[in-house]
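Working notes, structure below.
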Amino acid sequence: MLIVMKHKLDCQILFTSSRLHLKNGTIQPMKKELPKAYEPGKYEPDILKLWQKANSFAPQKNAKGKPFSIIMPPPNANGSLHAGHLMFVVEDIATRYARMQGRPALWLPGTDHAGIETQVVYERELQKQGKSRFDLGQEKFYDEVWEFVEKHKGGILTQFQSMGFSADYSKLKYTLDEDVVEIVYDTFDKLHKDGHVYRGNRIVNWCSSCNSAFPDIELDHVERKDAMYTIDYGSIKIATTRPETIFADSAVAVNPNDKRYKDLIGKTATIPLINREIPIIADNLVDPKSGSGALKVTPAHDFNDYEIGLRHQLPEISVIDTEGKMINVPEEFAGLEVETARRLVIEALETAGKLVKVTPLTHAVAIHDRCKTVIEPLISEQWFLRIKDLNKPVIAAIESEKVVFYPKRFKKIALDWLAQEHDWCISRQNWWGIRIPVYYKTSNDPQKDTYIIAKNETEAESYYGKGNYRAETDIFDTWFSSGQWPFATLMSTGDFDTFFPTTLMGTARDILHKWVTRMIMFSLYRTGDVPFRDVYLWGLVTDEHGQKLSKSKGNYDDPMEITKEFGTDALRLALSIGITPGNDGKLSLEKIKGYRNFCNKLWNVARYTTAKLPDDFVLGDVKLETPADHWLVGRLNSAITSVTKNIEAYRYSEAGQTVYSLLWDDLADKYIEYSKSDLNPTMLAYGLDTVLRLLHPFAPFVTEAIWQQLWTNSNLITEHWPKVIHKPSTAEAKKFELQIIDILASKQKEADKVMAAKLQKELAAKQNLLQLIQAKLQNEAFVVNAPKDLVEGERAKEEHTKHEITQLEAKLARIKKTT
RNA sequence: GGGUGAUUAGCUCAGUUGGCUAGAGCGUCUCGUUUACACCGAGGAUGUCGGGGGUUCGAGUCCCUCAUCACCCACCA
């Protein structure tokens with residue numbers, strides 16, 4: 001038995017009007033004067049208010065099902081909605097679906113202080129005033145950025161709400177919230193106690209513009225035209241692209257199996273210009289085929305050389321400082337920028353007759369992904385996380401599918417990365433972020449300063465007594481803190497016990513390594529459990545040509561402008577249908593327009609339906625009266641089953657497509673047309689009811705706007721998910737089904753007959769054509785005299801026609817079998 | 001160098017464990033303005049599912065191979 005809702009329509013409309021349009025005082029016209037076209041802008045703000053007033057985004061108190069939760073990837077607190085946030089629609093669909101399933105559903109939103117990104121933005125502001133962060137000092141700079149972010153904070157959340165993102169905004173967290181930072185500090189302390197953290201003087205990627213170290217994963221590579229210089233080292237000739245670093249050489253390495261240099265191993269080479277003698281050593285890392293087969297070893301300025309240096313205990317001589325200037329070099333080069341120094345060193349080498357040859361070379365240069373400055377490897381004191389042991393449980397959890405990736409292929413990609421990840425440099429020399437909670441007790445000899453993990457100086461003193469303390473100035477890599485986001489947020493909102501581990505993490509596939517794997521790592525380390533069960537990774541949203549959306553390219557319309565013109569639902573549908581997990585999704589105005597039309601179709605189905613309902617309409621038990629009723633209920637049932645199944649498997653494109661076709665093809669084009677001659681209002685109402693429910697997670701605004709004009713006094717957002725009714729088990733239903741099958745079959749037969757005749761004709765024509773071609777090709781005069789490509793063309797045509805004939809014959813055979 | 005994805009109608013893309021007589025939207029052609037909707041309806045055309053090989057009763061789907069494009073990782077003296 002199905003009882004949907006009972007209400008008198010007229011009363012409902014008055015009620016709805018006052019609710020929807022209270023603020024601007026406009027009165028919703030009566031049902032028959034509803035506008036012909038759905039105007040999203042007229043309804044969306046009110047619908048949003050309706051949901052907010054009902055507190056519908058918070059987990060429903062009476063919900064009894066299994067808790068459902070998503071932690072929102074925190075957007076930059078300081079930013080505004082951009083293409084990168086659009087796919088959050090995926091998380092909203094999941095949340096709305098879970099809510100309708102009767103589960104307590106929490107989508108927890110948060111904002112990110114966005115370390116370097118925001119620092120760069122604010123430094124640009126300072127630049128406009130002719131200042132740099134160094135004029136302010138670390139503390140003042142931090143305070144000013146804090147103020148700056150506070151001022152802009154919130155804009156993005158308003159935009160998220162207007163996208164219909166049904167996150168629980170009352171629980172909003174910020175990455176610099178005190179309680180979150182506290183948890184990050186505890187993690188660091190624990191990691192340190194367990195021996196996973198160390199401070200070391202090691203080679204790092206240095207960005208001289210940001211004045212900070214960065215891990216490999218935050219680098220990009222660009223192709224650059226350069227030259228390779230072969231330099232005379234006395235006993236041996238060496239090829240290099242970095243002649244300015246010859247002063248930092250501590251050895252020359254050759255491959256032990258390289259016959260050319262076998263006798264030189266153990267002897268020395270001489271660095272030109274400074275005439276320093278360095279040993280010639282053997283190391284397997286050297287590729288005999290590369291360059292001259294001899295490698296100058298510069299442990300302080302090259303990652304491979306650093307490794308070789310460690311193996312052979314070579315001295316590490318630094319010749320480039322953190323500003324990117326030359327140091328510890330002959331006076332004429334000291335203080336120069338790297339590029340300038342290179343030019344002058346080459347000139348000097350040439351003058352000294354030590355430059356053997358110059359060959360042009362195109363190679364990839366590492367740059368910092370944020371500021372695009374060329375990265376300089378150099379030795380610096382940093383904090384590192386020993387990653388190998390920490391990653392072991394992560395690998396186990398992914399292998400045993402305690403965390404499941406959608407699409408599946410990312411499982412392997414994540415595992416491959418985890419197995420080879422190097423120790424993670426977690427310190428940054430930036431100023432906007434969470435300061436590493438370390439104090440140094442100063443002594444006369446700075447080399448002998450001892451450090452203590454402490455949140456503040458008082459805490460430090462409780463360990464080492466009164467004295468002079470120096471606070472660590474380095475801050476954490478943003479990913480170090482955001483890696484703890486899932487449990488840190490839930491712990492601080494008090495929802496940990498109910499909602500952890502979370503159900504789903506949806507995020508962009510390009511932060512799989514930086515973020516997803518590290519969340520799993522931190523979570524397993526701190527809580528013993530994975531942070532989420534499922535990971536949905538989406539690709540880039542691009543324009544219709546696959547170009548990244550960007551304002552400078554001019555192919556980017558502000559999403560807010562799009563929604564204003566076509567409606568939020570149209571944009572949301574364009575983002576959910578035809579875009580599959582893991583792949584880039586193309587967005588075009590045409591596509592959005594199409595879904596705007598779809599929303600309008602739905603609107604008009606609702607107009608038609610309400611117009612057909614009698615004034616005293618009561619929707620109760622749905623009785624199947626006409627053959628079309630039986631047909632429709634079958635369509636509805638299979639749509640409910642299929643949409644449910646597809647949403648649960650995160651196949652939103654399939655699910656959306658199914659509802660689309662259910663509304664347009666089945667309900668609108670067929671059932672409504674049929675109903676014009678044989679009307680069953682109850683069935684019509686039931687059809688609309690089901691479509692609205694199924695569509696709500698995808699297009700929340702239009703469905704709710706319609707719902708508010710119907711016979712119900714509830715809100716669709718917290719309504720239940722539709723259930724299959726009238727399973728075709730009754731004899732009556734089967735009878736009608738058979739009838740319909742019969743009708744369809746006889747129609748099919750007729751169509752087949754027509755088709756067969758048509759195919760026969762086509763086949764004859766093709767056979768004729770083939771004969772003509774073959775005759776031509778058998779004509780020797782043609783084959784010999786005609787231009788070659790003409791003959792080739794004929795041959796291709798022959799092949800093609802043959803293929804077509806086989807296809808036609810096969811088709812014909814199939815049709816004949818059925819008739 | 002290692003890996004992943006894509007290649008399906010003019011365009012943009014779906015196609016889950018092999019069952020497909022290959023779909024959708026847009027575009028195109030023909031016809032149609034009768035009060036749900038022209039942000040519309042009815043009907044039509046268009047496909048060697050990148051090439052080649054294989055497994056199978058059956059392949060768009062699985063395997064091998066080649067090609068092109070995109071991306072990721074590593075390296076680049």
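Residue numbers begin at 1 in each chain, while the letters A, B, ... track the order of the sequences.
Taking atom C1' on both C26(B) and A14(B), the two are 14 Å apart, rounded to the nearest angstrom. With both ends at atom P, the span from G3(B) to U65(B) equals 11 Å, rounded to whole Å. Here, A22(B) and G47(B) have their C1' atoms 8 Å apart, quoted to the whole Å. Taking the P atom of each, U4(B) and G23(B) are spaced 32 Å apart, rounded to whole Å.
Using a 4.0 Å cut-off between a side-chain N of Lys or Arg and a carboxylate O of Asp or Glu, E339(A) and R224(A) qualify as a salt bridge.
Rounded to a whole Å, the CG atom of L512(A) is 18 Å from the P atom of C71(B). The CG atom of D416(A) sits 15 Å away from the C1' atom of G1(B) (whole-angstrom rounding).
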Q.
Evaluate L295(A) against I308(A) for side chain to side chain contact (heavy atoms under 4.5 Å, CB included), listing each step before the verdict.
A. CA-CA 11 Å; L295(A) 177 71; I308(A) 296 175; 3.9 Å; yes

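Put simply, the side chain of K36(A) and the base of C37(B) share no donor and acceptor less than 3.5 Å apart. No hydrogens or angles were tested; on distance alone, nothing pairs the side chain of R607(A) with the base of C37(B) as donor and acceptor under 3.5 Å. Counting distance only, with no hydrogens placed and no angle test, the side-chain atoms of E673(A) and the base atoms of A36(B) include a donor-acceptor pair under 3.5 Å.
Nearest-nucleotide positions on RNA chain B for F598(A) and S653(A) put S653(A) closer to the 5' end. Judged by closest nucleotide on RNA chain B, G582(A) is the one of G582(A) and I238(A) placed further toward the 5' end.
The number of heavy atoms from other shown groups lying within 6.0 Å of NZ (K514(A)) is above 12.
Shown are I706(A), L663(A), T610(A), N600(A); of these, the side chain to side chain contact (heavy atoms under 4.5 Å, CB included) with V605(A) is made only by L663(A).
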